[in-house]
Amino acid sequence: MAHDDTAEDARFRAEVRDFLDEALPERLRAAPRTLLMKNVADQQEWHQILGRKGWSVPGWPVEYGGTGWTVRQRHIFDQELSLARAPMLSPQMNMIGPVIYTFGTQAQKNAHLPSIVSGERLWCQGYSEPGAGSDLSALRTRAVRDGDDYVINGQKIWTTFAHVAEWMFCLVRTSNEGKPQAGITFLLIDMKTPGIEVRPIISIDNLHHLNEVFFTDVRVPVENRIGEENAGWNYAKFLLKHERDNIGEIGTLMIHLQNLRKHVRRVEAAAPDLAPYMKRDLLELEAELLAIDALNARRVALAENGSEDPTFASMIKLRSSELQQRIFELGIDTLGPYVQASQTEKLGEADPERLVGPVGGPEAVTNHLYGRALTILGGTSEVQRNIIYKATEALYR
């Protein structure tokens with residue numbers, strides 16, 4: 001029971017823990033919990049277990065598969081999933097789902113939401129493009145209306161799990177008139193459509209989760225468009241808030257810090273002269289996590305009262321992504337000889353029995369390398385600071 005739990009919160013927390021004790025297989029608890037480096041089959045297996053329980057999309061409206069839990073109950077649920085070391089679900093699920101049930105047609109809701117809730121369908125995100133960087137408004141992938149279809153030509157890059165996804169949600173340019181943001185349209189694309197080519201990108205962590213995607217005369221039905229033509233920027237901004245929430249997931253930070261404490265204790269036993277410096281750094285990281293957790297608690301309290309500061313997602317994403325990088329750096333320092341880059345292939349197979357070293361050790365290099373992307377994806381740290389500055393400036397006008 002958390003120190004600020006009410007009696008009702010405590011009962012709910014106990015219910016969640018009982019379910020996790022019974023339903024979460026031990027082998028899934030033992031799998032490496034690197035942020036986006038995970039075994040897709042394990043991820044989907046856990047998603048389907050949650051789906052059968054009715055707990056896979058707790059934040060969604062009840063009519064679309066949500067639980068009807070309060071904001072605080074969802075917060076408790078996320079905490080317990082992290083503490084139980086449950087696999088992380090596909091972040092794309094909680095990005096595209098809200099877009100479809102908020103802006104989609106009834107036909108789109110019927111076609112896509114049930115399979116997202118059940119975990120039967122994987123999605124990927126077609127946003128980034130070569131040359132556009134973090135400026136999504138500079139995208140150039142072109143969609144030209146031809147009768148009841150759009151014909152798409154162009155390229156997307158850094159597309160996570162495009163090689164296994166069945167559908168993509170994609171931003172395309174349908175007009176060059178006016179501001180760049182005004183000519184963007186949001187489409188849902190079946191990845192089996194002729195003309196789509198997916199090429200792997202092996203990233204700095206030596207894993208394959210990123211891809212290039214090429215579109216050559218790809219025909220997408222107009223009925224797959226979300227909302228109005230040239231209004232896709234509005235839906236994209238709505239979606240990005242959910243992506244930042246996923247990146248700022250505090251439970252992941254808690255797990256990494258737990259591992260880091262164990263490594264510092266081992267250093268203290270083996271090299272007492274080094275331990276004080278590492279303990280100091282560890283305490284600084286823990287203090288920052290407490291501050292982020294307090295900010296998140298404030299956000300939960302505001303949401304319970306029906307209000308929310310729109311900058312909170314950016315603030316939490318900014319601080320938590322930078323904090324994760326610092327945790328990973330200290331992890332490298334504390335693990336010493338247990339840091340083995342050669343275990344990347346075994347991590348990709350999520351085979352804990354083949355890994356060498358203490359808990360968190362085999363993941364250390366992968367975490368450190370992949371962690372460099374955390375302050376880029378979902379909007380760079382510079383973008384988050386601009387969002388926060390503009391919102392703050394508006395308060396004092």
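Small disclaimer: the values here were computed from a predicted structure and weren't measured. Note that the numbering runs from 1 along the sequence shown for the chain.
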Is it the case that the side chain of S321 and the backbone of L318 share a donor-acceptor pair, with hydrogens and angles ignored and the cut-off at 3.5 Å?
yes
Between F238 and F103 (judged by ring centroids, cut-off 6.0 Å), do the two rings come close enough to count as a pair?
yes
Look only at the side chain of Q108 and the backbone of R225, and say whether a donor-acceptor pair between them is shorter than 3.5 Å.
yes
Parallel, tilted or perpendicular, judged at 30° and 60°: which one describes the rings of W123 and W167?
tilted
With a 3.5 Å distance limit and no angle check, can you tell me whether D9 reaches the backbone of T6 through a side-chain donor-acceptor pair?
yes
Starting from V144, can I reach I189 by hopping between I/L/V/M/F/W/Y residues whose side chains sit under 4.5 Å apart?
no
Over 12 non-hydrogen atoms of neighbours within 6.0 angstrom of CZ in R219
yes
Would a single hydrophobic cluster contain both I184 and I96, if residues Ile, Leu, Val, Met, Phe, Trp and Tyr are joined by side-chain heavy-atom contacts under 4.5 Å?
yes
Would you please name every residue forming a side-chain contact (heavy atoms from CB on, under 4.5 Å) with V164, sequence neighbours left out?
V40, L122, F161
L89 and F169: same hydrophobic cluster, using ILVMFWY side-chain contacts below 4.5 Å?
yes
Surrounding CG of D148 (heavy atoms of other residues, nucleotides or ligands, distance under 6.0 Å), is the total greater than 12?
no
Exercise: do T159 and N211 side chains pair donor with acceptor under 3.5 Å:
no
For the side chain of Q44 and the backbone of G119, is there at least one donor-acceptor N/O pair under 3.5 Å apart?
yes
Are the charged groups of E329 and R372 less than 4.0 angstrom apart, N to O?
yes
Checking side chain to side chain donor-acceptor pair (under 3.5 Å) for the pair S175/E177: CA distance, chi angles, key distance, verdict?
CA-CA 6 Å; S175 174; E177 300 295 325; 5.4 Å; no
Gap separating the CZ atom of R140 from the CD atom of E129, nearest 0.5 angstrom
7.5 Å
Grouping I, L, V, M, F, W and Y whenever their side-chain heavy atoms are under 4.5 Å apart, do L139 and M95 come out in a common cluster?
yes
Taking T67 for the side chain and P58 for the main chain, is one N or O donor matched with an acceptor at less than 3.5 Å?
yes
Got a second to check how far L289's CG is from N296's CG, nearest 0.5 Å?
10.5 Å
Donor-acceptor contact present, side-chain R326 to main-chain F328, <3.5 Å:
no
Between the side chains of N386 and E382, is a donor N or O closer than 3.5 angstrom to an acceptor N or O?
no
Within the side chain of H112, is there an N or O that forms a donor-acceptor pair under 3.5 Å with the backbone of A107?
no
NZ/NE/NH1/NH2 to OD/OE distance under 4.0 Å, E8 and R11:
no
Nearest 0.5 Å please: distance from the CZ atom of F19 over to the CZ atom of F77.
7.0 Å
What's the separation between atom CD in Q324 and atom NE2 in H368, rounded to the nearest 0.5 Å?
13.5 Å
Do F215 and V151 belong together in a cluster built from hydrophobic side chains that touch within less than 4.5 Å?
no
With side-chain contact (heavy atoms from CB on, under 4.5 Å) as the test, pick out the partner of Q125 among T160, L239, L171.
L239
When you measure from the side chain of R145 to the backbone of G147, do you find a donor-acceptor pair of N or O atoms at a distance under 3.5 Å?
yes
With a 3.5 Å cut-off and no angle check, do the side chains of H263 and R266 form a donor-acceptor pair?
yes
With a 4.0 Å cut-off on N to O distance, would you call E268 and K279 a salt bridge?
yes
Spell out, as yes or no, whether a donor-acceptor pair under 3.5 Å connects the side chain of R173 to the backbone of P180.
yes
Do L187 and I152 have side chains that get closer than 4.5 Å, going by heavy atoms?
yes
Is any side-chain heavy atom of T311 closer than 4.5 Å to one of T392?
no
Over-ring placement of R298 relative to F312, 6.0 Å and 45° cut-offs
no
About how many Å separate CE of M191 and CD of E166, when rounded to the nearest 0.5 Å?
10.5 Å
Is there a donor-acceptor contact under 3.5 Å from the side chain of E212 to the main chain of R199?
no
W55 versus L81: any side-chain heavy-atom pair under 4.5 Å?
no
Looking at E45 and R27, is there a salt bridge between them, counting it only when a charged N and a carboxylate O are closer than 4.0 Å?
yes
Spacing of Q181 atom CD and N230 atom CG [to the nearest 0.5 Å]:
12.5 Å
